[in-house]
Amino acid sequence: MNITINDTTLRDGEQTPGVAFTRDEKIAIATALEQAGVTELEIGIPAMGSRERETIRQICQSLKSAQTMAWCRMAGNDIFLCKGLGLDWVDLSIPVSDQQRVSKLRISEKQLFNRVERGVKLARELGLKVCLGMEDASRAHPDSLKRAAEIAQKAGAERVRFADTLGLLDPFQTFDIIRELTASTDLGVEMHAHNDLGLATANTLAAIRAGATSCNTTVNGLGERAGNAALEEIALAMKVHQHQYTVECNLDLKALQNIALLVSKASGRALAPQKCAVGDAIFTHESGLHIDGLRKDEKNYQAFEPALLGRTHTLVLGKHSGLKAIRHYYRELGFKLSEAQEKRIQNLIIGFSEKYKRTPTDQELYGFLPASVINQREQFLA
Ligand SMILES: CC(=O)SCCNC(=O)CCNC(=O)[C@H](O)C(C)(C)COP(=O)(O)OP(=O)(O)OC[C@H]1O[C@@H](n2cnc3c(N)ncnc32)[C@H](O)[C@@H]1OP(=O)(O)O
Ligand SMILES: O=C(O)CCC(=O)C(=O)O
């Protein structure tokens, strides 16, 4: 069985301050995610206006098989706006913590449960599958979660979303809470994690281990504040540790870097070179001992085969190069150096790296060679 990835790049991801996708960008991202095997997409908020609703409608039309979901407040007007857009699902969101219920919505728990019942029934009448979005669930009393889930189920919901809205949990707490929630309801349980403590991916994986049936992700971890659980991180971790899970995540891992670049461009957010799974430099090695170890056996310094992501190792020279790496690299370029020459070049590379804060190009490496060596190149190659 597969875990359902409900990717919310186009909803929570777009809530990243300053990020605003065009319609074409949203369609391109949705299509790329579908092609990579993502089966559910949360694609927008109908209450944002007619322009957004038309975008939602066009995304629904463009997709072949992925299920689409819209996000709505638990309010009749918002729910009505989903009508005729071609959506499969709606997430009806309402804060379930006392903190947000009292000081944001200013309603009693009884009023909240009444709203849940009315909202879910209305959405069902419109022919939509319903996920109850339990905002701020991680600060709510477990009994409130259970009661809300019970009422939502009776009204026709199929799933509850457990939102760690402020990214406060750690994986151990997440495991316990989700285990308790899944044991108390027949509904599917979806994990929605935020990254305020840098734990969104870990918490999502813990929730999956505890029995969550779906999880929200965003490409590049976009989202409110520190963002959400990154799609690429969840997909890669679940593949590498596939035997630890009772469910599988079968996305096309080789497609992830291009999707990350697409979203990076559309969001105007640069992709860090070291970003897990999709960064440009994650298989680039400079340190002398690592290069020596890799050349003896790649398993010495690889967590998993780069080929899993359609990538390869790249060896570069820099401040941390050992003599063996310098020897190997220059041999590949066609030069045989004496140890004295290697040591001299090592010092030149260190100076270059500190000055320019990058690794030298091949052209620049040629420039470190003494003229006598350059003249011997033809002879060496022959
Ligand atoms: C944790 C999350 O990420 S939740 C998703 C949040 N996403 C966004 O806010 C992005 C898109 N938002 C928008 O475009 C707008 O805020 C809209 C269209 C949703 C609403 O716009 P407006 O009608 O102008 O309302 P505004 O933004 O001021 O919303 C505040 C109202 O929503 C109510 N509200 C907030 N959450 C909910 C909810 N889950 N259910 C019902 N009502 C809610 C507030 O109580 C407040 O109403 P009040 O003044 O009667 O107390
Ligand atoms: O209630 C939900 O659907 C979750 C909303 C959300 O994005 C959050 O709580 O972080």
Side-chain angles (χ1 to χ4, degrees), residues 6-34 38 40-63 66-95 100 104-107 112 115-116 118-136 157 159 161 163 165 190 192 194 216-225 227-228 231 262-269:
N6 178 303
D7 187 86
T8 181
T9 305
L10 302 181
R11 198 278 295 172
D12 207 329
E14 203 193 29
Q15 287 176 211
T16 311
V19 171
F21 301 127
T22 64
R23 183 172 297 162
D24 285 350
E25 285 165 345
K26 276 198 159 193
I27 292 172
I29 293 167
T31 306
L33 287 169
E34 179 181 56
V38 176
E40 269 190 30
L41 302 169
E42 189 172 51
I43 59 177
I45 303 176
M48 282 173 65
S50 55
R51 186 185 164 93
E52 192 62 15
R53 286 196 290 283
E54 180 54 21
T55 300
I56 290 172
R57 204 183 58 74
Q58 289 197 25
I59 298 172
C60 292
Q61 265 184 353
S62 315
L63 294 172
Q67 296 265 298
T68 53
M69 176 184 274
W71 185 94
C72 282
R73 288 176 294 187
M74 188 64 80
N77 288 346
D78 286 22
I79 300 169
F80 269 120
L81 293 171
C82 293
K83 210 173 159 187
L85 301 181
L87 289 157
D88 301 295
W89 282 88
V90 65
D91 177 84
L92 298 183
S93 175
I94 192 149
Q100 286 203 2
K104 200 175 84 142
L105 295 190
R106 301 194 173 112
I107 58 173
L112 182 139
R115 278 203 199 180
V116 169
R118 283 202 308 274
V120 174
K121 281 186 174 162
L122 175 59
R124 293 295 300 132
E125 278 160 27
L126 296 177
L128 294 159
K129 292 189 267 192
V130 178
C131 171
L132 171 66
M134 302 195 292
E135 188 184 354
D136 206 18
R159 182 189 295 173
R161 172 180 293 175
T165 301
E190 180 163 286
H192 181 94
H194 277 276
N216 291 138
T217 60
T218 59
V219 177
N220 302 338
L222 286 179
E224 291 278 349
R225 305 177 313 279
N228 289 84
L231 171 75
L262 177 70
V263 171
S264 169
K265 187 157 182 260
S267 60
R269 297 286 169 125

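Residue numbers count from 1 along this sequence.
Listed here is the closest heavy atom pair of R159 and W89: NH2-CZ2, 3.5 Å. Contact detail for A123 and L92: the closest heavy-atom pair is CB-CD1, 4.0 Å. Shortest non-hydrogen contact noted between L132 and D91 is C-OD1, 4.1 Å. Closest heavy-atom contact between A47 and L81: CA-CD1, 3.8 Å. Closest non-hydrogen pair, P46 versus R53, comes out as O-NH1, 2.9 Å. Looking at every heavy atom in both residues, L10 comes nearest to A30 through CD1-CB, 4.0 Å.
Here E135 contributes atom CD and Q100 contributes atom CD; the two are 4.0 Å apart, rounded to the nearest 0.5 Å. Atom CG in D7 sits 9.5 Å away from atom CD1 in I29 (nearest 0.5 Å). Taking CE of M74 as the reference point, atom OG of S93 lies at 7.5 Å (rounded to 0.5 Å). The distance from atom CG of L126 to atom NZ of K83, rounded to the nearest 0.5 Å, is 6.5 Å. With rounding to the nearest 0.5 Å, the separation of CZ in R161 from OG1 in T8 is 6.0 Å. The distance from the CD atom of E14 to the CD1 atom of I45 is 8.5 Å, given to the nearest 0.5 Å.
Looking at heavy atoms from C-beta onward, L231 lies out of side-chain contact with T9 at the 4.5 angstrom threshold. Under the 4.5 Å side-chain criterion, counting only non-hydrogen atoms from C-beta, I56 is not in contact with T68. For the pair L105/I94, a side-chain contact is recorded, criterion being any heavy-atom separation below 4.5 Å from C-beta on. Put simply, the side chain of I79 does not reach to within 4.5 Å of the side chain of V90, judged on heavy atoms. Contact of the C60 side chain with the I43 side chain is registered, since non-hydrogen atoms from C-beta on lie closer than 4.5 Å. Taking the side chain as every heavy atom from C-beta outward, V19 and R269 approach each other to under 4.5 Å. Contact annotation: the side chain of H192 never approaches that of N6 to less than 4.5 Å [non-hydrogen atoms, C-beta and beyond]. Side-chain contact between L222 and V263: present, with at least one pair of heavy atoms (C-beta onward) separated by less than 4.5 Å.
Here the side chain of E34 pairs a donor or acceptor atom with the backbone of A66 at under 3.5 angstrom. In terms of modelled atom types and a separation under 3.5 Å, the side chain of T16 and the main chain of G223 share a donor-acceptor contact.
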Please report the C-alpha distance between N216 and D12 in whole Å, then the side-chain angles of each, then the deciding distance to 0.1 Å, and finally whether the side-chain contact (heavy atoms from CB on, under 4.5 Å) criterion is met. CA-CA 9 Å; N216 291 138; D12 207 329; over 6 Å; no
Worked check of side-chain contact (heavy atoms from CB on, under 4.5 Å) between I107 and R115: CA-CA 10 Å; I107 58 173; R115 278 203 199 180; 3.7 Å; yes
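In this structure, K26 pairs ionically with E52, as a charged nitrogen and a carboxylate oxygen lie closer than 4.0 Å. Salt bridge annotation for E54-R51: absent, with no cationic side-chain nitrogen under 4.0 angstrom from a carboxylate oxygen.
The only member of E40, E224, E42 that meets salt bridge (charged side-chain N to carboxylate O under 4.0 Å, His left out) when paired with R11 is E42. Between L128 and the choices V120, L87, L85, the side chain to side chain contact (heavy atoms under 4.5 Å, CB included) rule is met once, by L87.
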